[in-house]
Amino acid sequence: MMFIFAVMIFVLPFSGILVLFAGSIILFCFSRLSWKLLFAGLKPFVVLFLFIAVASVLWGGGEKSSAGILIIRLIAAVIISQVLTGTTTFGDIRKTVAWFCMPLPRKIGFTLSTMLSVSISFVPLIFQKAGEIREAQAARGINPAKRPFQMIKVFSFSLLIESLDTAVSAADSMVSRCYNENRTLTFPAKSREKSRSTGILALLSTLLAVCAAGLGFFFPVF
Amino acid sequence: MLLEVINLSHIFSDGTCGLKDINFFIKKGELVCLAGKNGSGKTVLMKHLNGLLTPTEGEVLLKGASIRENLSETRRTIGLVFQNPEYQFIGQTVEEDVAFGPENLGLDRAEIEQRTEKALKSVNLPGVRKRSPHSLSGGEKRRLSIAGILAMDPEIIVMDEPFTGLDLPGVRQILSCVRSLNEKGHTLIIITHDIGKVFSITDRCIILDKGQVKYSGPPGDIAPKVWDFGIRGYEDYEEEGKIWLS
């Protein structure tokens, strides 16, 4: 869905973009996310928007409207990505992986989704370990600027040992909590959440279908 | 007897002796402190209680049957809380992590939800369900790891060094949690090298040294001699206990 949206946003003409923009605002309202979240998402792009506006005035040869369209396109993209990240937890993505793998043997879907979850869980832990090792080695006089290869060798070896230790502990913990492939499948989500997610998906699908129709896939609107 | 360890020995692949002829028992509802200095074999013994390691000799009996006969039931009955809670977190959110155990038991969703709620309430972790486990404080992480085990409704809970790296409020929170679980009927085994913190609440002390059980009995009898086993002793255990329990 996001892929289709990404294509749409850059191929639609102006009228289509307006529909997509209005639709993304409606979708944002429907998702009940905080407006503060939207502004926080837009904040890092303000400089880019200003740059586009200034560039169009200086070098655009009077094509101010194209700069405006580009900014609207980018805002719509930010809104839709906020809806996606704000309404979909990583757990949902993990469970969706398991759900998509349902036609395959149950074991594969569960193993894939659990491994995905475990890997992501341990990313912050590995970064933390890497930081601690780097600081400890710097405190013992290993200077990466002077001897980069020595740094890489001792750093990567220590990190590997630490990561393996962490992996063994995690595996022990999973086994001690009865990890097996006959787990309860907790996807789709509970009915209240499910109806909301279905609503958001239906709205986005309608929006994209209208835009696709506007592009002339079905009949020329715009 | 709820749990019996009979002639348990463990020799590592490099020939090092981890445990040698360990014998002890745990009664239902007891709160036992398993103490010993670093390298005395405490964690190895803990892993044997859950069937994570295979003994070189001897066996562990749960309600009279070998734990290896039904490992799944053993792991449901004996919950392990590991020393480093961060290594134990599997879920991306607190509720997902607590639900990991019940999901493995194949329970239905309503039951999983109920157990998650109850476990989080038992360890006094309200309002953090949607947070990442890694964003919690040290004491909260430890309590979350206990909640993850409680959600599986175990009869016996084994905690490995539950006070490591915690400040005074953190230790008090864990001790309060331990007492409350014991009052609710859970059998608890606290593995530690600092018996001062649990001395006043423990029913029995088992001292491990060089992979062997050196003492098993009331904590009061061994208190003056714990220094001999590389464990910190206290002049006045009553006073020490008051600090941690108040």
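Naming: A, B, ... by sequence-line order, numbering from 1 per chain.
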For this session: Check step by step if side chain to side chain contact (heavy atoms under 4.5 Å, CB included) holds for A:Asp172 and B:Tyr87.
Result: CA-CA 9 Å; A:Asp172 275 350; B:Tyr87 297 166; over 6 Å; no

Name the region of [X], side chain, backbone, both or neither, that has any atom closer than 4.5 Å to a heavy atom of chain A.
X	result
B:Phe100	both
B:Ile90	both
B:Asp97	both

Any chance [atom1] of [X] has more than 12 other-residue heavy atoms, nucleotides or ligands included, within less than 6.0 Å?
X	atom1	answer
B:Glu111	CD	yes
B:Arg76	CZ	yes
A:Lys129	NZ	yes
A:Phe21	CZ	yes
A:Phe157	CZ	no

Problem set entry | Minimum side-chain heavy-atom gap A:Gln128-B:His134 below 4.5 Å | no

Problem set entry | Side-chain touch B:Asn84/A:Ser169, heavy atoms, less than 4.5 angstrom | no

Do you know the tightest heavy-atom contact between [X] and [Y]?
X	Y	result
B:Gly148	A:Arg177	CA-NH2, 3.8 Å
B:Ser72	A:Cys178	O-SG, 3.7 Å
B:Phe82	A:Ser173	CE1-CA, 3.6 Å

Exercise. How many angstroms lie between atom OH of A:Tyr179 and atom CZ of B:Arg75, to the nearest 0.5 angstrom?
Worked result: 14.0 Å

Seminar exercise, completed: In this structure, OG of A:Ser176 is separated from CG of B:Leu80 (nearest 0.5 Å) by 5.0 Å

